[in-house]
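Labels below follow one simple rule: chain letters A, B, ... track the order of the sequence lines, proteins then strands, and each chain is numbered from 1. Remember, it's a predicted structure, so these values are computed and weren't measured experimentally. Only heavy atoms go into these numbers, but all of them, side chains included; no hydrogens, no water, no symmetry mates.
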Amino acid sequence: MLPTPFSSPESSPAVAAVTVRGLSFQRGERLIFDRVDLDIPRGKVTAIMGPSGTGKTTLLQLISGQLRPDAGRIEVDGVCIHQLQRRELYRVRQRMGMLFQSGALFTDLSVFENVAFPLREHTRLPETLIRTLVLMKLEAVGLRGARELMPAQLSGGMARRVALARAIALDPQMILYDEPFAGQDPISMAVLVKLIRRLNDALGLTSVIVSHDVKETAAIADSLYLIFAGRVVEHGTPRELDCSASPWVDQFMHARPDGPMSFHYPAPPYATDLLAEIPA
Amino acid sequence: MRQKNLELMVGLFVALGLAAFLILALKVSDLTSIGNDPGYRITARFENIGGLKVRSPVTLGGVRIGRVIGIDLDPQSYEAVVTLSIDPRYNRLPTDSGASILTSGLLGEQYVGLEPGGMESYLKNGSVIKLTQSALVLEKLIGRVLTSTAAGDAPQK
Amino acid sequence: MTAGLTGIGGFILHKLARLGRANLFLLRLLGALRFLFRRPGWLIKQLYAVGVLSLPIILVSGLFVGMVLGLQGYANLVEFGATSSLGTVVALSLIRELGPVLTALLYAGRAGSALTAEIGLMKATEQLASMQMMAVDPFQRVLAPRFLAGCLAVPILTGIFTAVGILGGYLVAVVQLGVDGGAFWAQMQAKVQLFADIGNGVLIKSAVFGILANWVALFEGYETLPTAEGVSLATTRTVVITSLAVLGWDFLLTALMFGVW
């Protein structure tokens, strides 16, 4: 019998919720992570940032056990997540919520049923209690009035908030956010930013945000990791990173088009490429 | 409420499926002939039964009154012994009735046709029909016609 | 030369790997079936989607196929004066071949492609992944109910198709063309055998076709590339592969039933 992860909420906050050591992962020929080390502290909002295509979403999939690393260890609350059997993995995941970039609501279920889904699957609560719980979660994201709507009738921001309500339905200890701010209008972006911070503090969650929206993420994160080309380039508090001397950090945090991170996808020199003979 | 409608529709669907199978079993194939056969049995001996098979119909005046349930060969006389099962509703068949093997249409299947006699006593379980006429075998018939034509004015045999 | 051979080899390996994945997929699917005993409600919803909603096309096609059989059979048999065998002709063609095969083909077009598109879109929109993240196994929650419902629906639909087809044949032959109704049914009953024809034809064939059609549809959906093009490709593949598989297996099963092998 494995020790149930997260079973002791009073365990010292010094122990990280997630520790990643020497993580390597490659997709086809492309090396996505090259010996990455990360610590995600309990009860804090940790942001993992980097330009598009650096495998931030892949990192979340690795942490949640959807993918297996090629080398290295990923421990979630002391349990090595990629060595678990499906049954044990699912037990760990019941204490873990994930907000997908698209929201990933079940299109054939109403908002209410979407939020009720994990409750119905994992508990045998009476219908009245489920109703109360669902309404509480929907109230927390401000969408109690939208419970009868179908996902197709929701705006992108609303869908994401419903998905958030669903992710917290089982009162998880950790929530993983995949690009929560991507493609949102300024208002719903502000709503989400506030919501993530508030939920984290009110429910004592551990939050992991993967994003490339510097301003919003820096506003709520307790610590930031900056990833580029498969390596952790820098980490620290938003304030530390803001005044970091590193040209990498400076370029990313202040959105400068030029700097050490190249705008170009790796390619042979331009002139050589243009003059090269067309392969038969 | 929606769930109830759903269940109702699915229930109807399954019932319709069962009804279809029931129709296939009862109306299309003859289920009754497979279970316990309530008919009484009589036998008839034929020189040649042609293409008669087990389950071929037995008719009288074109009406089906039973079916063939067994075909055997008598090792002594080399005659085919055909067992017929007759619907008990038709229990007044005279003992001197005749049985012949007929063909429905030119190329149709073969069946046993009964020809009622005039006796006062009736066939019952275990009776034997004495008057029988064998199946018409097409090849023999053609052969006979050919020889008689070829023989021309030769004396008929 | 070498490139051509490499191409062929790669193609075959790719296909074999896919076949292997399909078989593992079926095993996992069968393993997940037992969880349905706890939630029969899931099955009802899917039976509605693949069964009840396929009913109109099955009823209409069955009726027309039976009517065509009646007409064609009559036109040919009337030359031999054997129109009384029309019932046998209609019933045996429907029961042995046309009922199971056409139902499976229609099912692949109507319900199989819809299953593939549904699963494919659930995958493309990360619904399956989010389910896994909620510690719910999509095999138990999404795939198994659809599989079992489909495997039940195909034999039921085949029975309905066949019965309606025979009715269609009856309407044309007896009501329209004046074949004797008594002979129509009597000849049919004399020739159609319950186990050899209805058992083998309608039941066994349709059960096999049902497993094939739903297996292909769900597997193609599950393997869909998460793009619009991927989904459209997958639905096409479902219809094509199911049709070929059904016709191929129909030959095998017919040969087995006639005792050729």
Could you please state which residues from residues 147-170 of chain A sit under 4.5 angstrom from chain C, measuring non-hydrogen atom to non-hydrogen atom, sorted by number, or 'none'? A:Arg166

If you take all heavy atoms of [X] and [Y], which pair is closest and at what distance?
X	Y	result
A:His122	C:Ala135	CE1-O, 3.1 Å
C:Gln127	A:Phe106	OE1-CA, 3.3 Å
C:Ser130	A:Ala104	OG-O, 3.4 Å
C:Pro138	A:Tyr90	CD-OH, 4.0 Å

Atom pairs and distances, side-chain donor-acceptor, residues 56-65 of chain C, under 3.5 Å, sequence neighbours left out:
| residue | atom | partner | partner atom | Å |
| --- | --- | --- | --- | --- |
| C:Ser61 | OG | C:Ile57 | O | 2.4 |

For A:Gln66, which atoms come within 4.5 Å of any heavy atom of chain C: side chain, backbone, both, or neither? side chain

Under 4.5 Å to a heavy atom of chain C? For A:Leu105 that would be backbone

Interface residues of residues 104-123 of chain C facing chain A - non-hydrogen atoms under 4.5 Å apart: none

Considering heavy atoms only, which positions within residues 11-37 of chain C lie below 4.5 Å of chain A? C:Arg28

Go through it in stages, so that I can follow the logic: the residues are C:Met133 and A:Ser64, the test is side-chain contact (heavy atoms from CB on, under 4.5 Å), and I'd like the CA-CA distance, side-chain angles, deciding distance and then a yes or no. CA-CA 7 Å; C:Met133 278 308 297; A:Ser64 57; 3.4 Å; yes

Lys/Arg-Asp/Glu bridge criterion (N-O < 4.0 Å) met for A:Arg87, C:Asp137: no

side-chain contact (heavy atoms from CB on, under 4.5 Å) between A:Gln94 and C:Val136: does it pass, once the steps are laid out? CA-CA 9 Å; A:Gln94 287 191 32; C:Val136 175; over 6 Å; no

Check whether any side-chain heavy atom of C:Arg39 lies under 4.5 Å from a side-chain heavy atom of A:Glu121, and answer yes or no. yes

Within the supplied structure, the quantity of interest is the number of heavy atoms (other residues, nucleotides, ligands) at a distance under 6.0 Å from A:Arg120 CZ; does it exceed 12? yes

Starting at CD of C:Gln132, measure out to CE of A:Met98 and round the result to the nearest 0.5 Å. 11.0 Å

